[in-house]
Participant: 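Dropping the structure in here first, questions after.
Counting starts at 1 for both ligands and their atoms, following the listed order.
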Amino acid sequence: MTGASHPPQPPHEPTGTPPAGGSPWTDLERPPLRGRELDHALTGHGGLWREIDVVAETGSTNADLAARAAEPEGLVRVAEYQSAGRGRLDRAWTAPPRSGLFLSVLLRPTEVPVAQWGWLPLLVGVAAAESTSRVAGLDVRLKWPNDLLIGDRKLAGILAERAGDGVVVGIGLNVTLAADELPVPTATSLGLENSITTDRDPLLRALLRDLEAWYTRWREAGGDARSSGLHSAYTAACATLGRRVRVELPAGRTLIGTATAIDNDGRVVVEGTHGPEAVGAGDVIHVRPADDVQM
Ligand code: BT5
């Protein structure tokens with residue numbers, strides 16, 4: 001669906017055609033999202049969200065919204081299954097149909113200096129960690145910059161991409177993924193962590209409401225992470241701070257040290273052997289102190 005109009009859907013029916021693998025109703029543990037109800041509940045109230053578009057299958061929700069980057073902000077694209085889900089640095093995001101939440105949002109914070117736009121994926125991480133912690137009854141933390149963790153396991157990933165003069169931010173969050181479906185052994189899901197619910201509807205509603213609230217506060221503060229409260233919320237949710245880390249930097253260099261702070265630009269400050277270094281991009285691995293000797 002590419003326009004602002006919505007095809008009529010009967011109530012309580014799954015959206016779109018079922019993905020390969022059969023009827024969306026065959027797996028009662030994984031009921032489909034109700035796109036029309038979600039759209040009705042979350043749009044049209046003068047708020048941020050303009051359209052919640054739930055489709056049964058697509059390549060990548062980030063790619064779908066990048067193709068619509070010229071439109072006003074506030075588009076939400078949700079897919080029950082992605083055949084070409086993207087991670088950062090050309091990596092893949094993989095998950096079976098309806099096993100999680102896979103969505104992207106189109107944002108364009110014109111009041112905020114572009115130099116501060118790097119906070120956007122961190123802001124989405126804060127909203128996702130806070131809403132998921134609350135609805136699931138679990139302690140969901142952030143690994144810098146924006147992986148959602150339960151303990152040391154990855155529950156969700158976030159991918160922000162510039163698109164036209166806006167930003168598309170995508171989130172993949174594992175909900176009912178079973179142990180034998182984990183794409184990597186370090187992943188987890190809400191179901192595996194004994195969440196009080198695995199109903200994706202309240203999880204998605206809470207996520208979009210919290211995201212709207214944080215985005216509005218940050219934008220109204222002109223992108224100032226400190227006065228909007230975003231810096232302290234991020235710091236409070238961040239499991240990386242105080243940890244020994246190994247950072248794989250984009251140029252191929254590796255930095256080892258202790259993560260001590262998040263600076264005003266959202267970079268993580270790592271105290272290594274050559275003093276503090278602010279890192280704006282890279283892959284962080286949390287290590288145990290004893291692992292240092294092997295590195
Ligand atoms: C991310 O990348 O974690 C960002 C993932 C963003 C996915 C969403 S889904 C909706 C939207 N549309 C898209 O096309 N993408 C976004 P990165 O930090 O590079 O991590 C990718 C790595 O996570 C992979 O190389 C795997 O090791 C691992 N991985 C893949 N699928 C996973 C899953 N379901 N759960 C946990 N880890 C996973």
Side-chain angles (χ1 to χ4, degrees), residues 19 30 33 52-69 75-107 120-122 124-125 127-129 132 140-163 166-193 195 198 200 203-204 207-208 211 239-240 245-250 268 279-286:
R30 292 179 177 163
L33 288 165
I52 318 284
D53 179 16
V54 181
V55 293
E57 179 170 347
T58 192
S60 154
T61 56
N62 263 40
D64 293 346
L65 285 193
R68 299 179 61 186
L75 300 178
V76 182
R77 174 86 161 174
V78 188
E80 296 284 35
Y81 175 68
Q82 293 180 117
S83 55
R86 307 208 284 236
R88 296 178 301 144
L89 304 170
D90 290 329
R91 292 185 289 236
W93 180 265
T94 51
R98 300 183 306 281
S99 65
L101 287 170
F102 320 117
L103 67 140
S104 301
V105 298
L106 175 64
L107 300 171
L120 261 182
L122 281 69
V124 174
T132 308
V140 180
R141 312 292 302 280
L142 291 164
K143 186 181 81 163
W144 187 91
N146 46 26
D147 278 357
L148 271 63
L149 300 184
I150 296 182
D152 268 333
R153 292 176 177 272
K154 180 162 169 172
L155 177 73
I158 290 173
L159 172 67
E161 298 177 293
R162 285 299 297 263
V167 180
V168 173
V169 190
I171 307 160
L173 185 137
N174 300 322
V175 179
T176 56
L177 209 59
D180 61 359
E181 295 174 315
L182 296 177
V184 284
T186 49
T188 193
S189 70
L190 292 179
L192 289 171
E193 302 289 343
S195 170
T198 52
R200 293 179 302 152
L203 290 162
L204 179 56
L207 168 59
L208 289 173
L211 175 48
T240 304
V245 292
R246 190 171 77 233
V247 191
E248 315 283 357
L249 297 164
V268 64
V279 175
D283 275 320
V284 168
I285 297 126
H286 292 168

Participant: Which one holds for Leu155 and ligand 1: side chain close, backbone close, both close, or neither close, with close meaning a heavy atom under 4.0 Å?
Facilitator: neither
Participant: Check Ala187 against Asn174 and note the closest heavy-atom contact, atom names and distance.
Facilitator: CB-ND2, 4.5 Å
Participant: By side chain to side chain donor-acceptor pair (under 3.5 Å), which residues pair with Glu181, not counting sequence neighbours?
Facilitator: Arg30
Participant: Regarding atom 3 (O) of ligand 1: of the candidates Arg88, Arg77, Lys154, Lys143, which has the closest heavy atom?
Facilitator: Lys154
Participant: Any heavy atom of Ala92 sitting closer than 4.0 Å to ligand 1?
Facilitator: yes
Participant: Given Ile158, Val184, Asp283, which has its nearest heavy atom closest to atom 26 (C) of ligand 1?
Facilitator: Val184
Participant: Glu161: which residues meet the side chain to side chain donor-acceptor pair (under 3.5 Å) condition with it, sequence neighbours left out?
Facilitator: Asn62, Arg86
Participant: What atoms in ligand 1 come closer than 4.0 Å to a heavy atom of Ile171?
Facilitator: 8 (C), 9 (S), 10 (C)
Participant: Once you restrict to heavy atoms under 4.0 Å, what part of Thr61 touches ligand 1? Side chain, backbone, both or neither.
Facilitator: both
Participant: Would Leu89 count as a contact residue for ligand 1, given that I'm defining contact as a non-hydrogen atom of the residue lying under 4.0 Å from a ligand atom?
Facilitator: no
Participant: Quick one: which ligand 1 atoms are inside 4.0 Å of a heavy atom on Arg86?
Facilitator: 5 (C), 6 (C), 7 (C), 13 (C), 14 (O), 15 (N), 16 (C)
Participant: Taking 4.0 angstrom as the limit and counting only heavy atoms of Ser104, give me the atoms of ligand 1 inside it, by number and element.
Facilitator: 11 (C), 12 (N)
